[in-house]
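A short write-up of the structure that comes next.
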Amino acid sequence: NRVRNHFERNDLQALLDASASEEIAALPSSSVVLLANALSEARSVDHAVTVLKAAHRGYPGDLWINLLLAENLHEHSRWDEMLHFAGIAQALRPASGTPLLSIADALRHKGALQESAALCEDVIRLNPDNPHAYEMLGLVREDLGDWDKAVPQFRKAIELHPMYVEAHNHLGRCLTR
């Protein structure tokens with residue numbers, strides 16, 4: 001379709017035009033996800049949110065549309081909306097850690113640190129090889145001022161993914177306190 005052609009040509013203006021058109025409702029969900037990802041990567045998060053919200057009306061039960069909405073809303077610190085869409089994604093895929101981490105992240109930013117930590121620990125129980133869960137738990141521990149408990153979480157994230165730059169940065173920050 002036209003969106004895929006614009007994406008393949010890396011035509012940002014055509015993608016932006018497509019995001020503003022009435023075509024969104026007629027696109028298959030996979031094309032919407034592709035368009036939203038391209039817009040997000042081009043730093044057009046507002047357009048990505050607009051596209052995803054329009055698509056959500058037609059595909060309210062689509063896991064990826066809900067997850068991408070949550071992710072893009074994070075960029076604008078819209079925590080309640082992020083919780084809403086991550087919650088839908090979690091209901092669609094209860095055994096997946098990804099929606100739970102989005103919920104934990106939103107709760108962390110809202111100051112619900114204990115709830116956020118508990119969700120991170122749930123994700124670690126579901127998938128002990130998920131470096132993002134350890135990083136998020138480390139961030140929560142850091143927010144609580146408990147650097148001694150944050151450090152091992154960042155170290156575990158790095159052990160699982162040695163090139164995880166954010167975890168290295170967080171670890172360095174904790175170790176210099």
Side-chain angles (χ1 to χ4, degrees), residues 3-4 6-7 10 12 15-16 18-20 23-25 27-113 115-124 126-127 129-140 142-143 153-154 157 160-161 163-170:
V3 171
R4 288 183 195 274
H6 298 323
F7 182 73
N10 199 26
L12 178 60
L15 288 171
L16 289 170
S19 74
E23 293 179 48
I24 300 299
L27 290 175
S29 62
S30 59
S31 293
V32 171
V33 168
L34 184 66
L35 175 58
N37 274 326
L39 292 169
S40 293
E41 289 175 16
R43 305 267 184 227
S44 294
V45 175
D46 290 335
H47 286 99
V49 169
T50 299
V51 165
L52 290 164
K53 282 190 169 186
H56 189 267
R57 287 188 285 280
Y59 301 104
D62 188 279
L63 174 71
W64 295 109
I65 288 173
N66 284 288
L67 278 175
L68 283 175
L69 256 170
E71 180 180 306
N72 280 280
L73 290 164
H74 180 276
E75 297 300 316
H76 290 295
S77 304
R78 291 163 59 180
W79 310 125
D80 290 329
E81 287 180 272
M82 183 182 172
L83 275 171
H84 173 75
F85 292 108
I88 293 171
Q90 198 277 324
L92 292 167
R93 187 84 44 92
S96 173
T98 303
L100 286 176
L101 283 180
S102 290
I103 294 168
D105 191 20
L107 289 172
R108 174 182 166 253
H109 286 287
K110 289 176 61 78
L113 299 176
E115 293 90 340
S116 179
L119 285 175
C120 292
E121 290 166 352
D122 288 347
V123 173
I124 289 168
L126 282 171
N127 181 3
D129 294 329
N130 185 329
H132 304 291
Y134 292 98
E135 182 214 11
M136 180 67 64
L137 184 54
L139 287 170
V140 172
E142 187 178 7
D143 290 346
Q153 302 307 321
F154 296 132
L160 292 169
H161 184 6
M163 303 303 289
Y164 197 172
V165 174
E166 293 87 354
H168 281 280
N169 291 339
H170 300 313

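FYI, side chains are in, hydrogens and waters are out, and symmetry mates aren't considered; it's all heavy atoms of this structure. It should be emphasised that the depicted structure is a prediction, and the values quoted were computed from it without experimental measurement.
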Is there side-chain contact between [X] and [Y], with heavy atoms separated by less than 4.5 Å?
{"X": "Ile88", "Y": "Pro60", "result": "no"}
{"X": "Arg108", "Y": "Glu115", "result": "no"}
{"X": "Asp62", "Y": "Leu92", "result": "no"}
{"X": "Asn169", "Y": "Phe154", "result": "no"}
{"X": "Glu135", "Y": "Gln153", "result": "no"}

Review point. Passes side-chain contact (heavy atoms from CB on, under 4.5 Å), Leu107 versus Leu113? Steps please.
Key: CA-CA 7 Å; Leu107 289 172; Leu113 299 176; over 6 Å; no
**Study point:** Results of salt bridge (Lys or Arg N to Asp or Glu O under 4.0 Å) for Glu121 - residues two or more places apart only
**Key:** Arg141
Review point. By salt bridge (Lys or Arg N to Asp or Glu O under 4.0 Å), which residues pair with Asp129, not counting sequence neighbours?
Key: none
Revision key, fill the gap. The side chain to side chain contact (heavy atoms under 4.5 Å, CB included) partner of Asn130 among Leu100, Thr98, Leu160, Leu101 is Leu101
Point to revise | Test side chain to side chain contact (heavy atoms under 4.5 Å, CB included) applied to Val51 and Leu35, Leu69, Leu27, the passing residue | key: Leu35
For [X] and [Y], work out which heavy atoms get closest and say how close.
{"X": "Ala48", "Y": "Ala36", "result": "CB-O, 3.7 Å"}
{"X": "Ala133", "Y": "Ile124", "result": "CB-CG1, 3.6 Å"}
{"X": "Ala117", "Y": "Val140", "result": "CB-CG1, 3.8 Å"}
{"X": "Ser102", "Y": "Ala86", "result": "CB-CB, 3.7 Å"}

Review point. Step by step, would you call Asp46 with His76 a side-chain contact (heavy atoms from CB on, under 4.5 Å)?
Key: CA-CA 9 Å; Asp46 290 335; His76 290 295; 2.7 Å; yes
Rounded to the nearest 0.5 Å, how far apart are [atom1] of [X] and [atom2] of [Y]?
{"X": "Ile65", "Y": "Ser30", "atom1": "CD1", "atom2": "OG", "answer": "9.0 Å"}
{"X": "Arg78", "Y": "Leu73", "atom1": "CZ", "atom2": "CG", "answer": "5.0 Å"}
{"X": "Cys120", "Y": "Ile103", "atom1": "SG", "atom2": "CD1", "answer": "11.0 Å"}
{"X": "Leu119", "Y": "Leu137", "atom1": "CG", "atom2": "CG", "answer": "11.0 Å"}
{"X": "Phe85", "Y": "Leu52", "atom1": "CZ", "atom2": "CG", "answer": "9.0 Å"}
{"X": "His168", "Y": "His170", "atom1": "NE2", "atom2": "NE2", "answer": "11.5 Å"}

Closer than 3.5 angstrom, by distance alone: can the side chain of [X] be matched with the main-chain N or O of [Y] as a donor-acceptor pair?
{"X": "Ser44", "Y": "Ser40", "answer": "no"}
{"X": "Ser116", "Y": "Ala112", "answer": "no"}
{"X": "Asn72", "Y": "Leu68", "answer": "yes"}

Review point. Between His161 and His132, is the ring centre distance below 6.0 Å?
Key: no
Practice item. Report the C-alpha separation of Lys110 and Leu83 in whole Å, then their side-chain angles, then the decisive distance to 0.1 Å, and conclude whether the side-chain contact (heavy atoms from CB on, under 4.5 Å) test is met. Key: CA-CA 10 Å; Lys110 289 176 61 78; Leu83 275 171; 3.6 Å; yes
Check your understanding: What's the verdict on side-chain contact (heavy atoms from CB on, under 4.5 Å) for Val45 and Leu39, showing C-alpha distance, side-chain angles and the deciding distance?
Key -> CA-CA 6 Å; Val45 175; Leu39 292 169; over 6 Å; no
**Study point:** Trp79, CH2 atom: more than 12 neighbouring heavy atoms under 6.0 Å
**Key:** yes
Exercise for review: Have a look at Asn66 and tell me which of His56, Arg93, Gln90, His84 forms a side-chain hydrogen bond (donor to acceptor under 3.5 Å, both in side chains) with it.
Suggested key: His56
**Study point:** Salt bridge flag under 4.0 Å for residues Glu75 and Arg43
**Key:** no
